[in-house]
Amino acid sequence: MTQSFENCGTLMRFLIRRDRIRIPIWIASFILITFLVAEAFHRLYTTEIERQGMAETMKNPAMIAMVGPGYGLDNYTIGAMMAHQMLLFTAIVVAIMSILLVTRHTRSDEEAGRIELIRSMPTGRLANLSATMTILIIVHFLLAIGIGFSLYALGIESMDLEGSLLYGAALGGIGIFFSALTAVFAQLSENARGTIGLSIAALLLFYLVRAVGDVSNEVLSWVSPLGWILHSKVFVENNWWPVLGTIGISLLLLCFAFYLHAKRDLEAGLLPARPGKKFASRFLQSPTGLFLRLQRTAIISWAIGLFILGVSYGSIFGDLESFFNDNEMMQQLLAANEGVSLTEQFMTLLMKIMAMVSSIPPLMIMLKIVSEERKNRIEHLFSRAVSRNTLLGSSLIIAILVSIMMLSLTGFGLWAAASTVMEDPISLMPTLKAAIVYLPAIWLMISLTVLFIGFIPKRSSVIWFYLSYSFVVIYLGALLQLPDWLGNLSPYHYIPEIPVEEINLTEMAVLLFITVALSIIGFIRYNRRDIFG
C-alpha cells in the first residue's frame with residue numbers, strides 16, 4: 001500500500017507547478033463574482049418591502065425549477081436572497097471547474113502518454129490520482145474559505161460568519177463531489193472526451209432530477225447532490241449536515257475510484273470500446289470527415305443539451321409577466337423600451353446567454369487542431385497529401401456549420417416550449433431570427449481562435465477567458481453597473497436585441513470584416529509556423 005502512493009508529494013508539486021496560473025484564476029473569479037453579486041443585491045434591495053416583493057416572485061413553479069425551492073421567504077433577507085438565487089448556479093460552475101481539472105490531470109495525461117512516463121520512474125500506481133485528488137480537495141477548501149470570508153467582509157447584517165462559511169462550504173462540497181465522480185468516470189472511459197462527456201451528462205441529469213423533484217416530488221430532489229446542498233438553507237437555518245453528507249459520499253466515490261484505478265490497465269477504460277469499421281469510407285479519409293468523426297459524439301451531445309436548454313428557458317415564459325411586475329432587479333437588467341413587453345425584452349437576455357453557451361462547441365472544434373498537434377497526430381496527416389489550409393479550413397467549415405445548428409436548436413427549443421405555456425404565443429421565425437443574429441459574434445470568436453492557432457497555439461485556450469469575460473460583462477454588466485466600455489470589448493455587445501432593436505447593417509458588416517481579416521491572418525501564420533508536439 002505504501003508503494004502504491006510513492007512520490008505522491010513530488011507529483012503534487014509538479015501538478016501545482018503546471019496549474020500555478022489556472023487555479024488562482026478560477027478561485028479569484030469565483031470570489032470576485034460572488035462578492036460583486038452580493039454587494040449588488042444589497043444595493044438594489046434596501047427595504048423590506050422590496051425584498052418581500054422579490055420573495056413573492058420566487059414562489060412560482062418556473063422559478064423553483066430554475067433556482068430551487070424557496071426558503072426564508074417570510075423574511076427574505078439579503079443573505080437568504082443571495083443563497084436562494086445564486087448558490088445553485090455557482091455550484092454548477094464549480095462542478096464544471098472540478099470536472100475539467102480532474103480530467104486534465106488524470107485521463108488527459110494518461111491519453112497523452114505522460115502517466116506512462118511518470119510510472120517508469122519510482123512512482124506508485126495510485127500516486128497520480130491521489131496527488132490530483134489531494135490538490136482538488138485543497139483547491140475547494142481554499143475556495144470555500146475565500147468565498148466565506150469575502151461574504152462576511154461585506155458587513156451585511158443577514159450574512160453572519162457561520163452562514164458565510166456554510167455558503168462557501170456548500171460550494172466546496174459540491175466541487176469535491178464532482179471531482180470524485182469525475183475520477184470514477186476517468187476509470188470507466190478510455191479517453192478524455194468520454195470522461196468529460198459522462199461527467200457533464202451526470203451534471204445535467206442531476207440538475208433536471210432536482211428541478212422535477214423540487215416542483216413535484218421533494219423525495220426525488222434528494223437523488224441529486226445539487227438538491228442536497230440547497231437543503232443546507234444557508235443564512236436561514238444554516239444546516240451543516242447536507243454539506244457533510246455530500247463530502248462523506250464524495251469520499252466513498254473516491255475510494256471506489258482508487259479501487260477501479262488499481263485493477264485496470266494503464267491507458268485502458270473499464271467500459272468496453274466499440275470496434276470501428278474495418279475499412280474507412282471515402283468521406284472519413286478526408287480531413288473534414290476525420291474531424292467530424294472525432295467530434296461526432298460531442299456535437300450530438302451539445303446539440304441535445306442546447307435544445308434542452310432552450311426548452312427549459314421557454315417553459316418559464318408562461319409565468320414571466322407576474323414575475324416581472326415586482327422584480328426590480330430584472331427591470332434594471334432589461335432596458336425600458338416603449339411598445340415592447342418585458343417578456344420580449346427578457347427573451348433578448350436569454351438569447352445572449354444561449355448565444356454565448358452556443359459558442360462553446362464551435363470553439364472546441366477549432367481547438368481540436370491544437371489538441372491533436374500537441375499529441376503529435378497532426379504530423380501523420382501532413383505526411384500525406386494534405387495541406388495546412390485544407391486541414392484548418394475543414395475545421396473552420398465544421399465550426400461555422402455547428403454554430404448555425406446550435407443557435408437554431410436553442411431558438412427552436414425556446415419557441416417550442418414557450419408556445420405551449422403562453423396565452424399569446426411567440427412566433428417561430430422572429431424567435432429564430434433573434435437567435436441567428438448572433439452568428440457574426442460567434443464567427444468572430446471562431447476567427448479569433450484561428451488567429452491564436454496561427455500565432456500562439458500553446459496559449460490558444462485564452463479564448464475561454466475571453467468568452468467568460470463576455471458572459472460577465474454582458475449578463476451581469478447592468479446588475480453590477482459596470483462601465484459601458486467594458487461591454488464594448490465583447491463582440492456580443494454589438495448584436496442587435498431582436499425584437500427590441502433593429503439590425504444595424506454597418507455594425508454587422510464591421511464584425512464580418514474583422515472576422516474575415518482575422519481568419520486570413522490566422523491562415524497565413526499557420527502556414528508559416530512550425531508544428532510543435
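The model shown is predicted, which means the values in this text are computed figures rather than measured ones.
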Would you tabulate the side-chain donor-acceptor contacts of residues 243-255 under 3.5 Å, counting partners in other chains and residues two or more places apart, or write 'none'?
residue: T246; atom: OG1; partner: P242; partner atom: O; Å: 2.8
residue: S250; atom: OG; partner: F177; partner atom: N; Å: 3.3
residue: S250; atom: OG; partner: T246; partner atom: O; Å: 2.6

- Check whether any side-chain heavy atom of L381 lies under 4.5 Å from a side-chain heavy atom of E372, and answer yes or no. no
Contacts under 3.5 angstrom, residues 86-94 side chains, donor-acceptor by atom type, not counting sequence neighbours:
residue: T90; atom: OG1; partner: M86; partner atom: O; Å: 2.7

- N/O donor-acceptor pair under 3.5 Å between S108 side chain and T103 backbone: yes
- Item | Row check, F14 ring normal vs R17 NZ/CZ: under 6.0 Å, within 45° | no
- Looking at side-chain heavy atoms only, is the closest gap between L392 and M366 below 4.5 Å? yes
- Query: Should the heavy atoms of other residues, nucleotides or ligands under 6.0 Å from CZ of F141 be counted, would the total exceed 12?
  - Reply: no
- Query: How many angstroms lie between CD1 in I23 and CG in L142, if you round to the nearest 0.5 Å?
  - Reply: 9.5 Å
- Task: Taking the six-membered ring for Trp and the single ring otherwise, decide whether the centroids of W222 and H231 are under 6.0 Å apart.
- Result: yes
- Note on the structure: When every non-hydrogen atom of L363 is compared with those of M445, the smallest separation belongs to CD2-O, 3.7 Å
- Check whether any side-chain heavy atom of I463 sits under 4.5 Å from a side-chain heavy atom of Y466, and report yes or no. yes
- Query: Do any N or O atoms from the side chain of T123 and from the backbone of R119 form a donor-acceptor pair under 3.5 angstrom?
  - Reply: no
- For A127, does its backbone N or O pair with a side-chain atom of S130 as donor and acceptor, under 3.5 Å? yes
- Task: Go through the steps for F30 and F35 under the test side chain to side chain contact (heavy atoms under 4.5 Å, CB included), then give the verdict.
- Result: CA-CA 8 Å; F30 281 116; F35 182 90; over 6 Å; no
- Message: Quick check against the 3.5 Å criterion: does T195 have a side-chain atom that pairs as donor or acceptor with the backbone of N191?
- Response: yes
- Query: How far apart are the C-alpha atoms of E190 and L271, what are their side-chain angles, what is the distance that settles it, and do they pass the side chain to side chain contact (heavy atoms under 4.5 Å, CB included) test?
  - Reply: CA-CA 8 Å; E190 65 175 2; L271 292 179; over 6 Å; no
- Message: Just to verify, what does W464 make a side-chain hydrogen bond (donor to acceptor under 3.5 Å, both in side chains) with, not counting sequence neighbours?
- Response: none
- CG on L512 to CG on L444, rounded to 0.5 Å: 9.0 Å
- Item | Shortest non-hydrogen separation from S164 to F235 and the atoms involved | N-CE2, 3.3 Å
- CG (L101) and OG1 (T182) are apart, to the nearest 0.5 Å, by 10.0 Å
- Query: So, do F471 and V357 sit near enough that their side-chain heavy atoms are less than 4.5 Å apart?
  - Reply: no
- Pair S387-T390, side-chain donor/acceptor within less than 3.5 Å: yes
- Task: Compare every heavy atom of G163 with every heavy atom of V234, then report the nearest pair and how far apart it is.
- Result: CG1-O, 3.2 Å
- Kindly write out the residues that satisfy side chain to side chain contact (heavy atoms under 4.5 Å, CB included) with R388, not counting sequence neighbours, or none if the list is empty. F382, Y526, N527, R529, I531
- Smallest separation among heavy atoms of I99 and I196, with atom names: CG2-CA, 4.4 Å
- CG-CG distance between L309 and L350, expressed to the nearest 0.5 angstrom: 8.5 Å
- Task: Determine yes or no for a side-chain-to-main-chain donor-acceptor pair under 3.5 angstrom, with Y469 supplying the side chain and L489 the backbone.
- Result: no
- Message: Looking at R107 and S189, would you say the former's side chain and the latter's main chain have a donor-acceptor pair under 3.5 Å?
- Response: yes
- For R264, side-chain hydrogen bond (donor to acceptor under 3.5 Å, both in side chains) partners two or more places apart: E110, Q187, H261
- Taking atom types as modelled and ignoring hydrogens, do the side chains of W443 and S403 form a donor-acceptor contact shorter than 3.5 angstrom? yes
- Any sub-3.5 Å donor-acceptor pair from S286's side-chain atoms to F283's backbone N or O? yes
- Within 45° cone and under 6.0 Å: K368 NZ/CZ vs F291 ring: no
- Item | Closest contact, heavy atoms only, R18 versus D109 | NH1-OD2, 2.7 Å
- Note on the structure: For residues 350-363, the side-chain hydrogen bond (donor to acceptor under 3.5 Å, both in side chains) pairs (sequence neighbours left out) are K352-E497, S359-Y492
- Please check if atom CZ in R384 has more than 12 non-hydrogen atoms from other residues, nucleotides or ligands closer than 6.0 Å. no
- Query: If you round to the nearest 0.5 Å, how far is CE of M356 from OG of S470?
  - Reply: 7.0 Å
- Message: Against L451, only a single residue in I453, T449, L448 fulfils side chain to side chain contact (heavy atoms under 4.5 Å, CB included); can you say which?
- Response: L448
- Query: Any donor and acceptor pair, going by atom type alone, linking the side chain of H42 with main-chain N or O of A38 inside 3.5 Å?
  - Reply: no
- Are any of the side-chain heavy atoms of F206 and F178 separated by less than 4.5 Å? yes
- Message: Given 3.5 Å as the limit, does a donor-acceptor pair link the side chain of R210 with the main chain of S224, or not?
- Response: no
- Message: Are the side chains of I156 and L151 in contact, using a 4.5 Å heavy-atom criterion?
- Response: no
- Message: side chain to side chain contact (heavy atoms under 4.5 Å, CB included) for L11 and T132? Distances and angles first, verdict last.
- Response: CA-CA 8 Å; L11 283 178; T132 300; over 6 Å; no
- Item | Test log, rule side chain to side chain contact (heavy atoms under 4.5 Å, CB included), inputs S460 and L367 | CA-CA 7 Å; S460 55; L367 292 176; 3.5 Å; yes
- Message: I need the I400 CD1 to I365 CD1 distance, nearest 0.5 Å.
- Response: 10.5 Å
- Side-chain donor-acceptor pair present, D19, H105, cut-off under 3.5 Å: yes
- Do W485 and V473 come close enough that some side-chain heavy atom pair is under 4.5 Å? no
- Item | Crowding at CG, N488 (>12 non-hydrogen neighbours, <6.0 Å) | yes
- Item | Contact summary for I229 and L226, nearest pair of heavy atoms | CG1-O, 3.4 Å
- Message: What I'd like to find out is whether the side chain of I25 reaches to under 4.5 Å of the side chain of F465, using heavy atoms alone.
- Response: yes
